[in-house]
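Report on the following structure.
The analysis underlying the following values was restricted to heavy atoms, covering all of them including side chains, and did not include hydrogens, waters or symmetry mates.
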Amino acid sequence: MPDFKDMLKFFRMREHLSQSELAEKLGISASTVSMYEVGRRQPDFETEEKIADFFNTDLNTLRGRDNESEQPAYYLDKESSDTAQFLFDNPEYKVLFDASRKVKPQDIQYVADLINRVSGNSDDTGC
């Protein structure tokens, strides 16, 4: 389960902000943002409220508290959730996801098979 440091980094990256840019917008130092994100320091309540307001979220979400019982899951199935998390963790793959929206399913399968053969994840040698 994520905590404050993870959620702060998530929100900052979602807004495409560097630590310095976020610090400037919040009126704190970049080193303070960095310490928050690695968990070496916790903000005081006023700063925490300022951060939550900036990202237009509530304190429970910012603190990584589980609100699942109150809200339905964002993704309807685990596969979609896992794919979204993979793309978040590996932004370099996003271009493949974006490109896949414009091609036929059989072409996507062909490329996936090709990647598996090249990476050695397939028994098929192509011969």
Quiz prompt | Pairing residues for Asp3 by the side chain to side chain contact (heavy atoms under 4.5 Å, CB included) criterion, not counting sequence neighbours | solution = Lys5, Asp6
Quiz prompt | Asn56: partners by side chain to side chain donor-acceptor pair (under 3.5 Å), with sequence neighbours left out | solution = none
Practice problem: Flag yes if Leu62 and Ile28 sit in one hydrophobic cluster, no otherwise; membership is Ile, Leu, Val, Met, Phe, Trp, Tyr, and two members link when side-chain heavy atoms are under 4.5 Å apart. | Solution: yes
Quiz item: Do any pairs count as a side chain to side chain donor-acceptor pair (under 3.5 Å) and have a residue in residues 37-47, sequence neighbours left out, and if so which ones?
Solution: Arg12-Glu37, Gln19-Glu37, Thr32-Arg41, Asp44-Thr47
Self-check item: Nearest atoms (heavy-atom pairs only) where Leu8 meets Val33
Solution: CD2-O, 4.4 Å
Practice problem: Nearest 0.5 Å please: distance from the CG atom of Asp53 over to the CG atom of Leu59. | Solution: 8.0 Å
Exercise. Give a yes or no on whether the backbone of Glu21 and the side-chain of Glu24 come within a donor-acceptor separation of less than 3.5 Å.
Key: no
Quiz item: Are any of the side-chain heavy atoms of Val118 and Ile115 separated by less than 4.5 Å?
Solution: no
Practice problem: Look up atom CZ in Arg65 and atom CG in Asp58, then write down how far apart they are to the nearest 0.5 Å. | Solution: 10.0 Å
Quiz item: For residues Ser18 and Ser20, is any side-chain donor paired with an opposing acceptor at under 3.5 Å?
Solution: no
Practice problem: Decide yes or no for Tyr36 and Leu22: does some side-chain heavy atom of the first lie under 4.5 Å from some side-chain heavy atom of the second? | Solution: no
Quiz item: Are any non-hydrogen side-chain atoms of Phe54 and Leu17 less than 4.5 angstrom apart?
Solution: yes
Quiz item: Do the rings of Phe11 and Phe55 sit parallel, tilted or perpendicular, given the 30° and 60° boundaries?
Solution: parallel
Quiz item: Is any side-chain heavy atom of Pro2 less than 4.5 Å from a side-chain heavy atom of Phe10?
Solution: no
Quiz item: If you measure from NZ on Lys25 to CD on Glu15, what distance do you get to the nearest 0.5 Å?
Solution: 9.5 Å
